[in-house]
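Notes to accompany the following structure.
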Amino acid sequence: MAIDLRTRYLGLELRSPLVASASPLTGSLGDLRRLERAGAAAVVLPSLFQEQLTEEARVLEEVAGGRFGNRATGWSLARLHRYNTGPDGYLTLLAQAKANLDIPVIASLNAVQAGEWVHYAPLLEEAGADAVELNLYFVATHLGLPGREIETRCTTLVRAVRDQLGIPLAVKLSPYFSAIGHLAVQLVDAGADALVLFNRFYQPDIDPETLQVRPMLSLSSPAELRLPLRWIGILHGQLGAGLAASSGIHSGVDAVKALLAGADVAMTTSALLRNGPEHLATMEAELRQWLERHGHQSVAEVRGAASRQAVSDPAAYERANYIRTLITISPPHSKPASTETP
């Protein structure tokens, strides 16, 4: 039985749902080729950060005006170039990727709010990007900043980038909004063609000896897939936009779960960093095996089959799932209640 793994995401026809998301592995042409050979249906280049583009514009303005002001932030931003090659190198990598790969190449921007830097977005399109992924990464540390204003910032930013582009735009969200469903609708109305659920906020740690707050990078685990599954399952069929699962995709079975919830694609990073790009071939084989074992001929047949709209008990996606989980937990070393009558 021939298995059709094809799917559509951001208007792009993909050979399978397996996408290599933004990471150091997508930051060099050599690794991009390895990812394609291993079976990646598309690749997302490492994110360019709003801070880098803002700094670039400031430096150019200083040079043009004959001023060479404070470059105190330059050293830290320059270190990011090892991750994403910097604004100029990014366009070169993008053009090289398009010239050498046969799969779609998605550029990535990591941002907080709109500004002059958004004029960089059309350059990504000119360099050959098939689409742009906008990663909204913002930690609201100001205690006077209300949630409504944060959401307005997000929709304003999406609209600003959308106005600059003629290619599809995906928006990558964190799970830390009070009303994700409402925000999702707003972002689609603002011009998002797809939502990527979710990005991962890297949490800082504290060194108890030096009292220093230090950045910590922890790769994801398959257990983290449950949060994207819940919201993809809830949003499937209600937005008129694509959905991508991100965080916790480590195997072909994880990709199956994402598809059953309603995702168009399953994006993976940590599994590839741990196991190398060739792990994609293993994931694809596992995906095929599951479809064959359950008598399915295509990915399209299973998409959304376990979404909130499709399951017999939609409350499983809501509060009832919390209650059901609690009552199935037994205390350690507990014994079943006796059924004997005295």
Side-chain angles (χ1 to χ4, degrees), residues 10 12 19-38 40 42-64 68-137 157 160-161 164-172 196 199 202 215 217 267-269 272-273 276-277:
L10 292 172
L12 305 169
V19 173
S21 49
S23 80
L25 272 179
T26 62
S28 74
L29 185 58
D31 284 332
L32 288 169
R33 285 171 169 159
R34 287 178 64 193
L35 289 165
E36 182 179 39
R37 287 195 299 268
V43 290
V44 183
L45 299 188
S47 293
L48 263 178
F49 289 77
Q50 173 180 332
E51 291 86 346
Q52 288 177 288
L53 297 173
T54 301
E55 174 71 359
E56 182 95 344
R58 186 186 70 80
V59 172
L60 288 175
E61 182 180 344
E62 287 181 352
V63 172
F68 298 91
N70 179 20
R71 298 294 300 278
T73 60
W75 70 272
S76 57
L77 292 174
R79 290 161 70 180
L80 270 173
H81 289 199
R82 291 182 298 190
Y83 172 68
N84 60 28
T85 74
D88 293 334
Y90 199 88
L91 296 177
T92 300
L93 174 64
L94 177 53
Q96 290 176 340
K98 282 303 299 175
N100 288 273
L101 303 181
D102 293 323
I103 57 177
V105 178
I106 301 172
S108 177
L109 294 170
N110 186 306
V112 176
Q113 59 189 4
E116 288 300 313
W117 69 269
V118 300
H119 295 302
Y120 185 90
L123 300 180
L124 301 174
E125 183 175 355
E126 292 175 17
D130 294 288
V132 170
E133 180 179 284
L134 178 62
N135 189 339
L136 301 180
Y137 194 107
L157 174 55
V161 175
Q164 296 291 322
L165 290 174
I167 54 178
L169 175 66
V171 175
K172 193 170 188 178
V196 183
N199 62 26
Y202 296 117
L217 171 62
M267 295 185 165
T268 182
T269 296
L272 304 184
L273 290 173

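Atom set for the values below is all heavy atoms of this structure, side chains included, hydrogens, waters and symmetry mates excluded.
- Note that CE of Met267 and OG of Ser23 are 12.0 Å apart. Values are rounded to the nearest 0.5 Å.
- Of all non-hydrogen atoms in Leu94 and Ala107, the two that sit nearest each other are CD2-CB, 4.4 Å.
- Across all non-hydrogen atoms, the minimal contact from Leu12 to Pro104 is CD1-CB, 3.8 Å.
- In terms of heavy atoms, Leu45 sits closest to Ser108 at O-CB, 3.3 Å.
- Between the Tyr120 side chain and the Thr54 main chain, no donor and acceptor come within less than 3.5 Å of each other.
- The heavy-atom pair separating Pro46 from Gly27 by the smallest distance is CG-CA, 3.6 Å.
- The only option from Ile103, Asn100, Thr26 that meets the side-chain contact (heavy atoms from CB on, under 4.5 Å) definition with Leu32 turns out to be Thr26.
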CA sep, side-chain torsions, deciding dist, call: Leu101, Val43, side-chain contact (heavy atoms from CB on, under 4.5 Å) = CA-CA 10 Å; Leu101 303 181; Val43 290; 4.3 Å; yes

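- Rounded to the nearest 0.5 angstrom, Asp88 CG and Leu93 CG are separated by 13.0 Å.
- Residues Gln52 and Gly86 come closest through the heavy atom pair NE2-CA, 4.1 Å.
- Taking the side chain as every heavy atom from C-beta outward, Val118 and Leu53 never approach each other to under 4.5 Å.
- Remark: the backbone N or O of Phe49 is not paired with any side-chain donor or acceptor of Ser47 at under 3.5 angstrom.
- The line from CG of Leu91 to CD of Glu126 is 9.0 Å long, rounded to the nearest 0.5 Å.
- Between the Tyr137 side chain and the Lys172 main chain, no donor and acceptor come within less than 3.5 Å of each other.
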query = Checking side-chain contact (heavy atoms from CB on, under 4.5 Å) for the pair Val196/Val171: CA distance, chi angles, key distance, verdict?
reply = CA-CA 6 Å; Val196 183; Val171 175; over 6 Å; no

request  = For Leu124 and Leu109, run side-chain contact (heavy atoms from CB on, under 4.5 Å): C-alpha distance rounded to whole Å, both residues' side-chain angles, the deciding distance at 0.1 Å, then the answer.
outcome  = CA-CA 10 Å; Leu124 301 174; Leu109 294 170; 4.0 Å; yes

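- The nearest pair of heavy atoms linking Ala121 to Val161 is CB-CG1, 4.4 Å.
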Without placing hydrogens or testing angles, list every side-chain donor-acceptor pair under 3.5 Å for residues 129-136, not counting sequence neighbours.
residue: Asp130; atom: OD1; partner: Lys98; partner atom: NZ; Å: 3.2
residue: Asp130; atom: OD2; partner: Lys98; partner atom: NZ; Å: 2.9
residue: Asp130; atom: OD2; partner: Val105; partner atom: N; Å: 2.8
residue: Asn135; atom: OD1; partner: Asn199; partner atom: ND2; Å: 2.7

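- A donor-acceptor contact under 3.5 angstrom links the side chains of Thr269 and Ser21, judged on distance only.
- Side chain of Gln50 to main chain of Gln113: a donor-acceptor pair is present (N/O by atom type, distance under 3.5 Å, no hydrogens or angles).
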